[in-house]
Amino acid sequence: MPGLTTFPPFPEDVPTHPLLVIDYQLIKIGNEDEIEKLWKAATELGFWYLKNHGVDEEVEAMFDVGRDTIALPLEEKMKYEQGDKGFSFGYKAAGMQFMDNNGTRDITEFLNISKDDALAWPIPYHRTYPSTVERSMDSVVKPFVQKSLIINNFLIDVLNDKLGLPEGTLAGLHKPQESSGCTARCIRAPPAKPEQLGKNLLSAHTDFGSLSFLHNRLGGLQVLPPGSDQWLYVKPIPGHAICNIGDALNIFSGGILRSNIHRVVPPPKEQAQHERWSVVFFTRPNDGVLLRDLSQESTRVAEAVAKAPAGKYRPGVTAQEWLARRVGAQRITNFKGAESWKNRRGTEDTPIVQ
């Protein structure tokens with residue numbers, strides 16, 4: 001199974017970007033040094049490793065759900081395809097998204113399972129899913145979603161306090177019991193062909209929501225450090241999740257929390273010969289939350305916003321509208337030429353060149 005297969009080691013001679021390692025158990029007990037390290041990671045690069053999170057068993061089981069679902073006949077999977085209207089939940093077939101200004105089709109496929117569907121199971125909230133998912137909803141998907149929510153929301157609470165926001169401010173924008181775009185995703189990319197080496201599997205972007213909780217076994221994730229034009233790999237470390245800030249927290253914080261540009265390319269060297277699997281949980285604000293800086297609630301945020309161009313952190317849309325625009329703008333059927341790329345934009349402070 002994808003989570004337990006033995007892969008070639010990550011090569012030591014490719015350029016990587018070191019990430020700070022955050023111990024979740026130390027964060028939970030309020031260790032000030034660890035909280036400062038989290039703050040440094042969240043404000044400088046927006047990426048960090050998270051260890052001792054306690055979700056390894058659920059992650060391995062999610063890899064199995066992803067494998068079993070992707071192995072279904074394409075005709076069966078297409079019954080659950082997301083569609084072109086910005087709906088984020090369901091199956092995404094290979095070739096359904098464009099990757100650059102030329103309309104190059106992607107080669108990855110993935111499965112998005114809504115947090116709302118998992119928590120409401122067995123009553124469908126947004127949609128139904130393939131049998132491989134539904135038979136595992138109680139035993140695998142729901143526990144993974146619940147644990148991921150707890151971890152991400154706890155980290156968001158810690159960042160809430162560091163931003164000088166009143167207690168529970170960000171929690172009030174991420175209520176698990178209310179509808180949101182929170183998603184559990186399983187992703188498969190095929191072994192890279194020679195002509196695909198160096199090409200994007202997932203084009204450069206910022207994440208749509210608040211906080212991402214990623215688990216992978218092979219390399220391929222790359223970050224573009226602030227002020228740099230060189231893409232650097234993030235080395236996967238066993239037992240360590242990779243967390244990163246998304247657009248919503250960047251907006252709420254007036255840019256203090258960094259939603260950094262990243263992409264996925266084929267794994268380096270010998271790893272490229274293998275399927276690349278990932279499991280991720282995206283925490284996103286509740287659907288009706290207006291994306292705006294929280295300068296009225298925090299002096300620290302207000303000071304940051306005062307230094308930014310007017311309106312930069314006031315896009316004037318809800319979290320649901322932001323997500324639907326960015327998801328829908330990726331679809332190949334919505335590609336109208338080079339200008340289509342503009343509709344995919346997030347909060348990046350460096351122009352993304354495709």
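Starting from 1, each residue takes its place in the sequence as its number.
- Sparse packing is recorded around CD of E270, with 12 or fewer heavy atoms of other residues, nucleotides or ligands lying under 6.0 Å away.
- Note on E81 versus K92: no salt bridge recorded, every NZ/NE/NH1/NH2 to OD/OE distance being 4.0 Å or above.
- A salt bridge links D247 to R326: one of the charged nitrogens lies within less than 4.0 Å of a carboxylate oxygen.
- The nearest pair of heavy atoms linking W277 to R67 is CH2-CA, 3.4 Å.
- Geometric assessment of R263 against the ring of W231 yields a positive cation-pi assignment under the 6.0 Å and 45° thresholds.
- R331 places a side-chain N or O within 3.5 Å of a backbone atom of G83 that can act as its donor or acceptor partner.
- When all heavy atoms of G95 and I332 are compared, the pair lying nearest together is O-CG2, 3.7 Å.
- Side-chain polar atoms of T132 and D68 form no donor-acceptor pair below 3.5 angstrom.
- For N250 (side chain) and L257 (main-chain N/O), a donor-acceptor pair under 3.5 Å exists by modelled atom type.
- A salt bridge does not link D23 with K37: none of the charged nitrogens is closer than 4.0 Å to a carboxylate oxygen.
- Shown here is Q177, whose CD atom has more than 12 heavy atoms of other residues, nucleotides or ligands within 6.0 Å.
- There is a side-chain donor-acceptor pair under 3.5 Å between Y91 and E109.
- Under a hydrophobic clustering in which Ile, Leu, Val, Met, Phe, Trp and Tyr are joined whenever their side-chain heavy atoms come within less than 4.5 Å, directly or via other members, V327 and V289 fall into different clusters.
- Remark: the backbone N or O of F282 is not paired with any side-chain donor or acceptor of S212 at under 3.5 angstrom.
- Here the closest non-hydrogen pair linking S88 and N112 is O-ND2, 2.7 Å.
- Counting non-hydrogen atoms of other residues, nucleotides and ligands closer than 6.0 Å to CZ of R300 gives a total above 12.
- Judged purely by atom type and a 3.5 angstrom limit, S148 uses its side chain to pair as donor or acceptor with the backbone of F144.
- Applying the ring pair (Phe, Tyr, Trp, His ring centres under 6.0 Å) test to every pair with at least one member in residues 248-268, sequence neighbours left out, gives these pairs: F47-H262, H205-H262.
- In this structure, E321 contributes its side chain and T318 its backbone to a donor-acceptor pair below 3.5 Å.
- A distance of 8.5 Å separates CD1 in I70 from CG in L72, rounded to the nearest 0.5 Å.
- A search for ring-ring contact (aromatic ring centres under 6.0 Å, His included) contacts involving F335 returns F98, not counting sequence neighbours.
- Residues G255 and Y313 come closest through the heavy atom pair CA-OH, 3.3 Å.
- L26 and W39 sit in two unconnected hydrophobic clusters of ILVMFWY residues. Membership requires side-chain heavy atoms under 4.5 Å apart, directly or through other members.
- Side-chain atoms of T169 come within 3.5 Å of backbone N or O of P166 as a donor-acceptor pair.
- A side-chain donor from one of D207 and N244 sits under 3.5 Å from a side-chain acceptor of the other.
- In this structure, N260 contributes its side chain and L224 its backbone to a donor-acceptor pair below 3.5 Å.
- Linking Ile, Leu, Val, Met, Phe, Trp and Tyr residues whenever their side-chain heavy atoms come within less than 4.5 Å places V158 and I150 in a single cluster.
- Between I256 and L163, the closest side-chain pair of non-hydrogen atoms falls below 4.5 Å.
- Salt bridge R127/D117: absent, no basic N to carboxylate O contact under 4.0 Å.
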ask   = Passes salt bridge (Lys or Arg N to Asp or Glu O under 4.0 Å), E297 versus R292? Steps please.
value = CA-CA 11 Å; E297 292 84 352; R292 65 170 183 87; 2.7 Å; yes

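- Side chains of S114 and Y129 form a contact here, defined as non-hydrogen atoms less than 4.5 Å apart.
- Qualifying ring-ring contact (aromatic ring centres under 6.0 Å, His included) partners for H174, counting only residues two or more places apart in sequence or in other chains: none.
- Closest non-hydrogen pair, P285 versus A248, comes out as CG-CB, 3.5 Å.
- M99 and F208 fall into different hydrophobic clusters, defined by Ile, Leu, Val, Met, Phe, Trp and Tyr side-chain heavy atoms under 4.5 Å apart, directly or through other members.
- For the atom pair CZ of R325 and CD of Q330, the computed distance is 10.5 Å after rounding to the nearest 0.5 Å.
- Within the 4.5 Å cutoff, the side chain of L111 has no heavy atoms near those of the R185 side chain.
- Between S203 and R344, the side chains place a donor N or O and an acceptor N or O closer than 3.5 Å (distance only, hydrogens not considered).
- The ring-ring contact (aromatic ring centres under 6.0 Å, His included) check on Y80 picks up nothing, with sequence neighbours excluded.
- Annotation: the span from F89 atom CZ to Q82 atom CD amounts to 9.0 Å, rounded to 0.5 Å.
- D56 is linked by a side-chain contact (heavy atoms from CB on, under 4.5 Å) to H53, counting only residues two or more places apart in sequence or in another chain.
- Note on L201: it does not cluster hydrophobically with L232, by side-chain heavy-atom contacts below 4.5 Å among ILVMFWY residues.
- The two residues G328 and N334 come nearest to each other via the heavy atoms O-ND2, 2.7 Å.
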task = Output, in order, the C-alpha distance, side-chain angles, deciding distance and verdict of side-chain contact (heavy atoms from CB on, under 4.5 Å) for M62 and V141.
result = CA-CA 7 Å; M62 282 295 295; V141 179; 4.0 Å; yes

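- Looking at N152, its side chain does come within 3.5 Å of a backbone N or O of L211 through a donor-acceptor pair.
- Salt-bridge formation is detected for the pair E76/K79: a Lys NZ or Arg NE/NH1/NH2 atom is positioned less than 4.0 Å from an Asp or Glu carboxylate oxygen.
- Remark: D229 CG is loosely packed, at most 12 non-hydrogen atoms of other residues, nucleotides or ligands lying under 6.0 Å away.
- Looking at S278 and R276, their side chains do bring a donor and an acceptor atom within 3.5 Å of each other.
- Residues meeting the side chain to side chain donor-acceptor pair (under 3.5 Å) test with T104, sequence neighbours left out: D100.
- With F10 as the aromatic partner, K235 does not meet the cation-pi criteria of under 6.0 angstrom to the ring centre and within 45 degrees of the ring axis.
- Using a 4.5 Å heavy-atom threshold, the side chains of Q273 and P191 count as separate.
- Between H126 and S179, some side-chain heavy-atom pair lies under the 4.5 Å cut-off.
- Using modelled atom types, one side-chain atom of N31 and one backbone atom of E34 make a donor-acceptor pair closer than 3.5 Å.
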key: Stepwise side-chain contact (heavy atoms from CB on, under 4.5 Å) test for L170 and L249   = CA-CA 9 Å; L170 290 177; L249 283 186; 4.1 Å; yes

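- If you take CD1 on I156 and CG on L173, they are separated by 9.5 Å, rounding to the nearest 0.5 Å.
- Between I113 and T183 there is no side-chain heavy-atom pair separated by less than 4.5 Å.
- Under the 6.0 Å distance and 45° angle rule, R217 does not count as a cation-pi partner of F7.
- Between L159 and I245, the closest side-chain pair of non-hydrogen atoms falls below 4.5 Å.
- The pair E32-K162 fails the salt-bridge criterion, with no side-chain N (NZ, NE, NH1 or NH2) lying under 4.0 Å from an Asp/Glu carboxylate O.
- A donor and an acceptor atom, one from each side chain of S180 and K115, are located under 3.5 Å apart.
- The shortest side-chain heavy-atom distance between T347 and W322 falls under the 4.5 Å cut-off.
- Within the 3.5 Å criterion, the main-chain N or O of G346 finds a donor-acceptor partner in the side chain of E348.
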